[in-house]
Amino acid sequence: MPALPLVAYANRLPVQKIRGGWQASAGGLVAALRPALETRGSAWVGWDGGAEDMPRRVDGLDIELASVSLSRREVAGYYHGFSNSTLWPLLHGAIEQPVFDPGWWQTYAAVNERFAAAETGRRAIRWVHDYQLMLVPELLRAYGARGPIGFFLHTPFPPPEVFARLPWRAQILAGLLGADVVSFHTDSHRDNFVRTCLALRDDVEAKADRLRLLDANRTVITAAHPISIDAADFAHRASGAGATRRLNSLRQQFEGRRVLLGVDRLDYTKGILERLRALELLLELRRPLRSTLAFLQVAVPSRGEIREYRQLRANVEQAVGRINGRFTEPGHDVPVHYLHRGITPDRLLAYYRLADACLVTPLSDGMNLVAKEFVTAQGATGGAGALVLSEFTGAAEEFRDDALLCNPFDVDGLAATIELALELEDDDRRARIQRMAATVAENDVYAWVERELDLIARAGGGTRRASGRERSAA
Ligand code: F6P
């Protein structure tokens with residue numbers, strides 16, 4: 001791990017409030033960053049989410065929390081608006097119509113300035129995360145922050161002809177190119193970014209993994225580093241007593257049924273409606289499955305202030321009602337079990353272990369960690385579940401040979417793939433799971449952090465002073 005302190009920038013801080021007290025978030029990313037973060041002098045810059053009592057430190061996490069508070073107007077323009085109603089759909093290939101609102105853009109730019117200005121004093125590796133903060137790398141450079149700057153995009157990056165629709169495309173590209181390293185989950189997202197820079201700017205040359213900025217006389221390295229999970233910890237907890245107890249009671253509940261599982265944030269990128277339509281088609285065509293198949297969909301509430309998300313919820317709930325209304329056999333359980341809520345870690349692990357097939361079928365997804373969690377939980381417990389995986393996820397690049405790949409827009413094809421998943425021999429499915437679990441174990445979240453931070457540390461180690469041109473560009 002690099003010796004410099006680390007300053008991480010992300011929309012949210014890595015802490016959560018549980019029973020009135022603040023603690024480190026449970027996520028694998030926080031755990032993975034710990035060794036680097038707990039170097040003396042590290043900090044995390046993030047939105048306080050509206051909490052008025054955000055501490056500068058929490059017990060058990062030796063890192064300074066540099067919180068950014070936002071007004072209601074800023075949350076509306078920066079978070080619900082430009083981040084989640086403009087960039088989110090655009091970066092996912094415009095599967096919903098992105099909204100282009102100059103007021104939101106101005107608020108996004110102003111909030112990005114506040115993130116960048118929150119911490120510029122110390123010499124550190126600065127690691128900026130995701131689409132909410134795309135202007136921050138250039139702003140840090142302009143403010144004279146010392147040390148290398150990396151940016152990681154957790155979503156896909158679309159082809160140039162889609163990105164080019166954004167009225168503020170030049171500013172967003174300039175923002176990203178302020179970093180020394182710009183990283184993506186996959187080669188195809190990275191290639192889209194490089195092609196976009198070449199198409200929209202006339203001062204860029206590309207050679208291998210380097211973008212040469214001719215006017216600024218700088219080089220930006222681009223990388224593809226797929227994010228992952230804390231595989232060893234996940235595998236350990238999957239076989240733990242809590243998960244096993246839950247699994248036993250679920251096995252009783254679903255006795256005599258094959259179980260299909262979906263776990264997603266309730267987001268239109270996740271393909272939940274298409275998945276339900278495929279299930280509906282399968283139940284229509286294969287009558288015996290009506291009493292022998294159960295589909296368990298966990299839909300974690302998300303971004304409910306945005307109209308498209310509320311509409312999606314209504315559509316999903318209507319589809320669940322329709323399918324259960326059409327196909328529940330008298331005297332039998334309903335085919336679709338739908339949970340619109342978050343679930344405890346042990347329940348999630350038990351669902352992963354229970355499932356005969358996990359349906360990970362987003363229309364577009366940067367990576368998708370549910371796929372990695374599922375194969376890890378199954379692999380650790382000798383499971384023989386199948387992974388039905390959308391070809392439009394980052395995870396498909398790693399699981400190409402062993403998942404059952406599908407095009408989630410093709411409802412007939414998806415129904416056939418689900419049927420195939422149920423028909424594969426157990427030994428075949430078990431062997432596939434073992435190979436996918438081994439891939440995750442070899443490329444866990446610690447390996448991802450190390451690859452990223454090593455590259456950033458090597459890329460831009462020099463002390464930086466903002467040039468006049470860089471200042472005016474901000
Ligand atoms: O990359 C996807 C992402 O926006 C992350 O930044 C975030 O952790 C997650 O989805 C949840 O979204 P939100 O913070 O908007 O609830």
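Just so you know, ligand 1 is whichever comes first in the structure, and atom 1 is the first atom listed for that ligand. What you see is a predicted model; the values in this text were computed from it and never measured.
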Ranked by distance from atom 3 (C) of ligand 1, the top protein heavy atom is Arg303 NH2, 3.7 Å

The closest protein heavy-atom partner of atom 5 (C) of ligand 1 is Asp130 OD2, 3.7 Å

Contacts satisfying salt bridge (charged side-chain N to carboxylate O under 4.0 Å, His left out) that involve residues 370-381 (not counting sequence neighbours) are Lys372-Glu398

Item checked: Other residues, nucleotides, ligands: >12 heavy atoms within 6.0 Å of Arg310 CZ -> yes

Under 4.0 Å from one or more heavy atoms of His154, ligand 1 contributes atoms 1 (O)

Next item on the list: Could you tell me whether atom 8 (O) of ligand 1 has a protein heavy atom closer than 4.0 Å?
Entry: no

So the atoms of ligand 1 within less than 4.0 Å of a heavy atom of Arg12 turn out to be 13 (P), 14 (O), 16 (O)

Atom 15 (O) of ligand 1: of Trp47, Tyr131, Trp88, Tyr79, the nearest heavy atom sits on Tyr79

How are the rings of Phe193 and Phe157 set to each other: parallel, tilted or perpendicular (split at 30° and 60°)?
perpendicular

(Q) We want to know whether Thr219 and Arg210 form a side-chain donor-acceptor pair, criterion being a heavy-atom distance below 3.5 angstrom. (A) no

At under 4.0 Å between heavy atoms, what of His129 touches ligand 1? The answer is neither

Q | Under 3.5 Å side-chain donor-acceptor pair for Glu452 and Ser183 | A | yes

Within 4.0 Å of some non-hydrogen atom of Gln132, the atoms of ligand 1 are 4 (O), 6 (O)

Please tell me whether Thr344 and Asp346 have a donor and an acceptor in their side chains that are separated by less than 3.5 angstrom. no

TODO: Before signing off on this row, confirm whether Ser302 and ligand 1 have an N or O atom pair separated by under 3.5 Å.
DONE: no

_Could you check whether Tyr309 and Arg313, counting side-chain N and O atoms only, form a donor-acceptor pair closer than 3.5 Å?_
no

